[in-house]
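Heads up: the structure comes next, in C-alpha cells.
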Amino acid sequence: MHQKSIEFTYTFLMNDDFLKPYDHSKEKEIYDLWEKSGFFNPDNLEKTDGNYCIIMPPPNANGSLHVGHAVMVAIEDIMIRYNRMKGKNTLWLPGADHAGFETQVVFEKKLEKEGTSRFEILKQEGGREILYKKIWDFTQSNKEHMENQVKQLGASCDWEREKFTLDPKIISVVYSTFKKLYNEGLVYRAKRIVNWCVKHQTSLSDLEVSWEQREDKLYYIKYKIPSQKREILIATTRPETIPGDVAIAVNPKDKRYKDLVGEKAIEPITQKEIPIVGDDAVDIGFGTGALKITPAHDGVDFEVGKRHSLETIATLNLDGRFNKLSGPFEGMKVNEAREKAVEILQKSGSLDKIDNYSHQVGTCYKCKSVIEPMILDQWFIDLSEKGKKEIVRPAIDSVKKGKIKIFPKFQEKIFFHWMENIRDWNISRQIVWGIPIPVWYCTACGKETVHIEKGSPKNCSACGHTELRKETDVFDTWFSSGQWPFATLQTSGENDFKNFYPTSVMETGYDILFFWVARMIMLGLYVTGKIPFETVYLHGLVRDKDKQKMSKSKGNVVDPLGVVEQFGADALRMALVVGNSPGQDVIYDENKIKGYRNFSNKLWNIARFVLASADSHGFNADLRGQLTAEDEKLLKQCEEIKTKASQEIENYRFSQAAEIAYHYVWHDFADKIIEDKKKILAENSDKSDSAITLLYLILLDSIKMLHPFMPFVTEAIYQRLPKKDKEFLMVEEW
RNA sequence: GGGCGUUUAGCUCAGUUGGUUAGAGCGUCACAUUGACAUUGUGAAGGUCAGAGGUUCAACUCCUCUAACGCCCACCA
C-alpha cells in the first residue's frame, strides 16, 4: 500500500487524465467500476450498522426518462450514498412499470402513425396475443434504454435485484392480494356507473378523469303530463340521452311539484310514459328544479334510479354511437345526436329555451375526449363500506399517528382529505396490456371463480360446471404498483423482506400522492400488516423557464441525457437538487447547470493543486504532519461544516446540504484556505508540513461530503489520492 | 362549492422553534489575474421581505383579513 502510494505520487502528474479541465465524459467508466465492485448490492458491503432501503419508483417502460426522473434519481441517490457511507446496510431497488393504460396509449399512437390501430390488430385471429406480444417487445426495448439512462445519472442502485411489474413472481404476489381481498369480501364485481373513454374504450378510475371547464348549452325541455293536462319543464345539457330517460325527479319538499309526484309524464322523443318521483338529490334552486333521470348515462341518475328501482335504458354503445334504443339517434355519435334532438324537440314544440352554460366536463386525462358514464360489470375494491374500516382507516391512522411521516407536512392534509372522501376503486381495465384479472365465469350459473394458480380452473367453484369463460379485463396498473414495496422485497433476496420492510423512504413526485402513495399505504398495511415505508418525501415537479409543466405535446421536454453529455451528470444533479424543496416545483435552467459544471471543474482543480503541492513537498499520506493550532482550528471548522451537511441530509433538506458543501468548498476552502496556504507553501517554511496536511485532509472531507451529490467527480478525485483507505469513495466512511 | 401552495435583489430561490446591519446562485458594473482553475479572483450596485391590521421589548418569521398567481379535490342536471 505504502509502496503503491509513493509510486503514484511520482506518476500521477504525467497522467493525461488529471489535466485541466475536468472531463466529465469519463463518467461512464467510473460507473462501470462501481457496478463491477458489487457495492451497489448490500450483500457485498462490509460490516454494516442497521438497514436502509429505498424502492425506486419504477419508471414507465414506454418511453425515455425526462428531467423529472433525474430529480428522483438525484434525490434518492443522495440518501442512498449518504447512508451507505454512514455504514448502513443499504439497498436501492430499481424497477420498471409496465404502466398498463399509459403504455397502451403510447403504443396506440405509434400504431396510428403506422396507419393502423389496436382494433385492427384485435380483429385478427389471436389478436389479443399478437398485440400483447408487440407491446411486450416495445416495453422491453424501452426498459433497456431507460436502465442506461438511470445509470448515466449515477444511480447506485442494485441492478441484480431489478424488478418489472410483469415478472411472474410479482404477478403471483398481486394475485394473492386479489384473492385475499376477494375471500374477505373487499373486492366485488358489480354493474356500476363507470368512467368510459370512448376513444380508448376502457373504463378509468375517478382519478384518471380530468375535469375541464367547457362552454355548453343548457336546454329547457317540456315533458307533458296528460293526466293533469299540464307540462313540467326540465333543464338538461344532454337532450340526446332523452330516449334513455326512465323518470323525472323533483325534490319532495318543492312546493311547485309536490302534487306531481306519482304522476306520469311523456318523454318527448320516443313518447314513452315515465313516472315522476321525489328524491332529495334534486336541488330545488337549480334549473327548473326538475331533473330527467337517465340512469344508464349519468352517475347521479344511476343512484336515483337505484333508490326508486327504476330500469336502465342504455342507449349509447361502447364505441360512442347510439343504438336502436335511442330511436331516431341510432348510429349517431353524441354531437350529431344532440343536434338532431334539438331539431326534433323544436319541431314538436317541446323545446322551451336554450341558455349558455359553463360547467365542468369530465374528460379522459390522456386524450381529452368526454367521459361517458356507462353501466358496466366491473371489479371494484370496496373502500366505502367494509373497506373503509379495514383498508382506509388503518392507512389514515398510520399517518395521523406519525408512523408514516410525509414531507412536506402540508401534503398530509391533502392526503387525509382524499382518504376521508375516497370511493370504491374500479380496478378493471378493458385493455390487453396488463395483468389479467384471474377470474373465470361459469357459463351455466354465471358465478365467478377466482383462480390464481397456473392454468385454468377445472370447474366452477359455485356449481361445479366445467365450462368457464375467462375474464378479459386486466388490472388497473396502480393496483399492482400499489403493492410495489412488499411485492419487490418478497420476491428478491432471501432475507430482503425481513431486513428492508418497511422501507426507509418513499421518494416520488407529489402528483402521484393519491395514485400511488396512498394505495401503497393502504395495500401495504392490508397485506403485510405493516406500513410500507417510514417516510414519504414528495419532490417538486420540474418546469420550464415559463413555469410550464413539461410535456411532449408542448415540446418543452428536456432530455436528461443530452444535458449529461454536455455538462455531466454531477452538474445536472446539483442543478436539480439545489433550490428544490419538497412539494415546491423547481425551474429548469441551463445556466444553473452550467454553474455546477463550473463547480465540478473547480473541485477538480482544487484537487489538482492540493495533490501537486503534496507531491512537490514530499507529502506522505501515511505520515501526516503535525497540524499547527491554527490549522487544527481550520480542520475543525471543516468537520463542523460536514456535520451540518449531515444534519441537513437527515432532515431531508438536500438543497441546503448541497449549498453548504458547495459554499464551503468554493468560498472557504478554495478562496480563503488554499489562497492563504499558497504563500506558506511558497516560503517552504516549517509551517509547510502542517499546511499541506491540512489541505489534504480538507480535500478528503470535501469530496466525502460532496460525493452523494456529485458522485462522479468526487470518485475520480478519490481514485487519484496517494493513499486510499477504501477501494472506492462510494464506500468510504462518511 | 371546498381546500392547499406561492408572493423576499433584474431572474431563480434559501431564510429550521420570532432575536443584532435580510442571504445564495445567475445576471449587471468596476478592477485584477498567463504555473490549481478565464468553467478564475477581489469588490460594488441592487430589497419599505405582496398589501392592511394585530400580538410582542422584538415579526420575513406568529394571528386575522385582502389581493394576485398557481395547483388539487367535488356526482348540481
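These numbers come from a predicted model, not from an experiment. Every chain is numbered from 1 and lettered A, B, ... according to where its sequence line falls, protein lines coming before strand lines.
A straight line from CD1 of A/I660 to P of B/A14 spans 15 Å, rounded to a whole angstrom.
When all heavy atoms are compared, the tightest approach of A/F669 to A/L695 is CZ-O, 3.7 Å.
No more than 12 heavy atoms of other residues, nucleotides or ligands lie within 6.0 Å of CD in A/E385, so this atom counts as exposed by the packing criterion.
Backbone-only contact: A/S581 has heavy atoms under 4.0 Å from sugar-phosphate atoms and none from a base. Across all strands shown, A/H667 has heavy atoms under 4.0 Å from sugar-phosphate atoms exclusively, and none from any base.
Distance from the side chain of A/E675 is smallest to B/C37 among B/U39, B/C37, B/G5. Of the candidates B/U39, B/C73, B/G5, the closest approach to any side-chain atom of A/H417 belongs to B/C73.
By the 6.0 Å and 45° rule, A/K678 stacks over the aromatic ring of A/F609.
Residue side chain A/K592 does not reach the base of B/C26 through any donor-acceptor N/O pair under 3.5 Å, judged by distance alone.
Distance noted for atom P between B/A24 and B/A44: 11 Å (whole Å). Using P as the reference atom, B/C60 and B/U48 are 13 Å apart when rounded to the nearest Å.
Heavy-atom nearest nucleotides on RNA chain B were determined for A/N591 and for A/N598, and the one closer to the 5' end corresponds to A/N591. With the nearest nucleotide of RNA chain B identified for both A/K602 and A/D671, A/K602 has the one nearer the 5' end.
Using a 3.5 Å distance cut-off with no hydrogens or angles, the side chains of A/K224 and A/S350 do not pair a donor with an acceptor.
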